[in-house]
Amino acid sequence: MNYVPKDIEAKWQKFWAENKSFEPSEDFSKTKKYILSMFPFPSGRLHMGHVRNYTLSDTFARYYRQQGFNVLHPIGFDSFGMPAENAAIKNGSHPKTWTYDNIDYMKKEFASLGFSFSKERELATSDELYTKFEQGFIIDMYEKGLLYRKKGMLNWCPHDLTVLANEQVVDGCCWRCDTPIVKKDMNQYYFKITQYGDELLDDLKKLEGGWPKQVLTMQENWIGKSNGLAFDLFFDEESKAKLNSTFENFDVFTTRPDTIYGVSYTALAPEHPIVSYMIENTLLSDDVVSQVKEMKNSSSIDRQKEKSGVALGLNVLHPLTGKSVPVWIANFVLMDYGSGAVMAVPAHDDRDFDFAKKYDLPIHAVIKPLEGELDLTKAYTDAGIMFNSSSFDGLNSKEAQSKVIDYFESEKIGQKTTNYKLKDWGVSRQRYWGAPIPFVHCDDCGLVMEKKENLPIALPHDIEITGEGNPLEKHPTWKHCKCPECGKDAIRETDTMDTFVESSWYFLRFCASPANWENEAFSAEQIKYWMGVDHYIGGIEHAILHLLYARFFTKVFRDLGYIAFDEPFEKLLTQGMVLKDGAKMSKSKGNTVDPDAIIEKYGADTARLFILFAAPPTQELEWNDSAVEGAFRFLKRFSDRSSYVNKSNKFPVIDHASLSKEEKHARKKVYEALKRAQDVYNERYTFNTMIAGVMEAMNALNEQTNRDVWSEGYWILTSVMEPIVPHLCWELSHTLFGGKNLAPQQVLDEVFEVDALVLGVSVNGKNRATIEVGVNVSEEEIISIAKASVEKWIEGKEIVKSIVIPGKLVNLVIKG
RNA sequence: GCGGAUGUGGUGAAAUGGUAGACACGCCAGACUUAGGAUCUGGUGCCGCAAGGUGUAGGAGUUCAAGUCUCCUCAUCCGCACCA
């Protein structure tokens, strides 16, 4: 058969489209698999990373379909977001037009790659229907107290002119445009993700085994739970007077209560309310004020370069000794962690030590190593024996931590406290191309929810996008509305939601039956059947952002009563990047390979085969043009050799005993490939080795000429390869076997029965010879044959031990 | 600094404690040509004419047997990072 991928691929793509071959069944009595790949942003064209992602999920989906499962393999587009607006600014297109044109193009690309997505469940998150349901959920969350509005210091990107979540600030810069972010005081909406901090952390345990360890660790670190002691430090009388008695004390948090007797100063963040008060009431010298301002204004990167600070001229009393402790401002104290104030123990904390050295503050050591002397030239941060610590002297510092906390609690001067690095998720954005936040500002009623029957609050089409300010804010009429409560004139919220809100629940939406698509987001019954996602496949770059938010939404939806499980994604496969010349493919580096060009030249099957063959999915994949050629040549050969196959709709019956050695070997290789495939889908996901197995089987088939063996080989191999190279395999399978072989295949044990075994013979673990022995040969005989084969190495030596590993090798242990 | 991972031919990689380098790319040699995107045959870790030696970042250990398990060192990549 002459292999012309273009013809074959067009033929089967048409067939699949016309026959709706990939729609999941609504029969919930069947066993299901939900295979999901992270949906794309419609940037315009697919890149190789997409091709890898969707080839992986498609391979899973096709495999499980072949195995008789009811498979949901949906696709959508994460279609709100800044690039649409940036394109509008750049070339005057409307964000909606730009977005949906891109979606149309990318859908064609998906089809040309033969991806078996459900078409009836396709969605774009910018669809008004999606917005409608999302706004409904937002209202539910507000009613539950999980969404709130407050004024706060926010990450502001001066380039994109919008607020960013903490998760979207990378190295102090905007995750999209790399502009250094600045802090801005604004009214914003927040999701109370911190309320779920403990559960998000604890439930990571449920994901062990199913999720990559790396992702679990990253989430754990991001949540950043730490236990310790919180207590108040009280000002002395003089300091109180200085502060006009406005403040009596401030709160500090420590994870090292065992070092409490080593406190020699305390430090406040430059943004601390006490500092602000002192500046406002001119209680600080101009010099100090300018130093504080400098600390506040320097970017987070600059702030990390060198520690700096200034004394406030205030003192607090040590909670246990009553001694006077000076209060400083220090640039390394963060306002948004703990209480924005710390107790400093320079003897046992690196930062406190550096700061104390710089400003010549006292250093009181209170913990010494279990062995050896205390080195006073640096901070001793390990556990040890406490001293100079009153009644705690002599205790192991690690064990004493809870004792110190108990003491503070019994004296009612402090309490055990848990702190998190995780912050509430700021979700409002001052942009046009997002889902409007469904609230109204009323002079009389305050912040009012929109009524659910008025949803969706859709975006206006007639806007002007200039790149400055929020287009919704500037729209002449859109924001003017009536208060849903009192009916008076009111102003609609012009902020839109972070696009990560849409991707936090899209996997639930896919469970909705097309029959009720318009009426409900999803039903409990549908969710119960389809969730959780059996295989979720996507890039590691979403390890924190999307995967944490999606987990959070799942827990919230559970508490709202919509669903009844805790975690959305059972198995997560994070694919490696696609590289060219050792670097990530990117337009700026000019090292991209256009998927369309590869399909045009070799066909989709070759692209899919290469991508799965070149490396295991979790590893980086180096693009290699000649290896792509190699993949193409294999498919060509696979197609050509099908001429040795007898066309039949029945599985060939073969008398194994009558076969030649080569024929038996070929059968064995075919069934090894089948076994390996089953292993790969269930456990290992190493499609590269599975393909290698098929190639080995092909090489073995080629060593013999028995048409029945060829026929059986193709019956099995086209079935095994169908998930990877679907077009060619459907063509072969339907031409040769009437499509009957695209079904579960049985491993025939008879082909693994052999009359002779090839064993390696090693002497002291070193391989020396190979012997062939009959299956029924006794261990003693094997050893004697083995000895004869390695005469040269054992001559004159004493054999102290002989080990026979059945079917594998013989190891002779010699002495002398 | 903390955490996670990785380290095997010229290259991508394989090896579930049991014959290291499967499978493929590349390269070398040959065959066949109706000169094709060819195809087919053989070879290809390193040193050596060979016998043989040697080899999985380096070092130690466990084991009859280690790329694989344990410990240490080094290198690279990724994530977090003044988190009190």
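Sequence lines set the chain letters: A, B, ... in the order given, protein chains first and strands last, and positions in each chain run from 1.
A:Gly224 comes within 4.0 angstrom of nothing in the nucleic acid, heavy atoms only. Residue contacts for A:Thr689: at a heavy-atom cut-off of 4.0 Å it reaches the sugar-phosphate backbone alone, with no base atom in range. Residue contacts shown for A:Glu220 are absent, as no nucleic acid heavy atom lies under 4.0 Å away. Contacts of A:Thr686 with the nucleic acid, taken as non-hydrogen atoms under 4.0 Å apart, are absent. Within 4.0 Å (heavy atoms only), A:Pro212 reaches no atom of the nucleic acid at all. Residue contacts shown for A:Trp793 are limited to sugar-phosphate atoms, with no base heavy atom under 4.0 Å away. Counting non-hydrogen atoms under 4.0 angstrom, A:Tyr420 reaches nothing in the nucleic acid. Using a 4.0 Å heavy-atom distance criterion, A:Glu629 is classed as making no nucleic acid contact. Residue A:Lys213 is in sugar-phosphate contact alone, with no base atom involved, counting any heavy-atom pair closer than 4.0 Å across all strands shown. Using a 4.0 Å heavy-atom criterion, one finds that A:Phe613 contacts the bases of the nucleic acid, with or without backbone contacts as well. Using a 4.0 Å heavy-atom distance criterion, A:Val333 is classed as a base contact. Among the protein residues, A:Val800 comes within range of no part of the nucleic acid, since none of its heavy atoms lies under 4.0 Å from any strand.
By the 6.0 Å contact criterion, NZ on A:Lys668 is open, its count of non-hydrogen atoms from other residues, nucleotides or ligands being 12 or less. Counting heavy-atom neighbours within 6.0 Å of A:Lys358 NZ, excluding the residue itself, gives a total above 12.
Nearest approach of A:Thr255 to A:Asn227, heavy atoms of both residues: CG2-O, 3.5 Å.
Within the structure, every side-chain polar atom (N or O) of A:Gln214 is placed at least 4.0 Å from both OP1 and OP2 of B:G3. Between A:Arg676 and B:A22 there is no side-chain N or O to OP1 or OP2 distance below 4.0 Å. Residue A:Arg684 has a polar side-chain atom (N or O) positioned under 4.0 Å from OP1 or OP2 of B:A15. Between B:A24 and A:Asn699, a contact under 4.0 Å exists linking OP1 or OP2 to a side-chain N or O. Distances shown here put every side-chain N or O of A:Asn624 at or beyond 4.0 Å from the OP1 or OP2 atom of B:U11. One finds a side-chain N or O of A:Arg641 lying less than 4.0 angstrom from the OP1 or OP2 phosphate oxygen of B:C40.
Separation of the P atoms belonging to B:G61 and B:A29 is 47 Å when rounded to the nearest angstrom. Spacing of P atoms, B:A31 relative to B:C23, comes out at 26 Å, to the nearest Å. On the P atoms, B:G7 is 14 Å away from B:U16, given to the nearest whole Å.
Aromatic rings of A:Tyr3 and A:Phe638 (six-membered ring for Trp) have centroids beyond the 6.0 Å cut-off, not under it. Between A:Phe355 and A:Trp328, the ring center distance clears the sub-6.0 Å criterion.
When each of B:G3, B:U19, B:G12 is scored by its nearest atom to the side-chain atoms of A:Val758, the top-ranked nucleotide is B:U19.
The nucleotide B:G48 finds no pairing partner, because no Watson-Crick or G-U wobble arrangement with both distances shorter than 3.5 Å includes it. Searching all strands for a Watson-Crick or G-U wobble partner of B:G7 with both distances below 3.5 Å returns B:C74. Pairing partner, B:G17: none, since no Watson-Crick or wobble contact has both distances short of 3.5 Å. In this entry B:U56 has no Watson-Crick or G-U wobble partner, no candidate having both defining distances under 3.5 Å.
A donor-acceptor contact under 3.5 angstrom links the side-chain atoms of A:Asn811 to the base of B:C64.
Syn is the conformation of B:G9, whose glycosidic angle sits no further than 90° from 0.
None of A:Trp623, A:Tyr602, A:Phe634 except one satisfies the ring pair (Phe, Tyr, Trp, His ring centres under 6.0 Å) rule with A:Phe610; the exception is A:Trp623.
Between the NZ atom in A:Lys423 and the CD1 atom in A:Ile193 there is a gap of 12.0 Å [rounded to 0.5 Å].
Where A:Asp352 and A:Glu622 meet RNA chain B, the nucleotide closest to each residue was compared, and A:Glu622 sits on the side nearer the 5' end.
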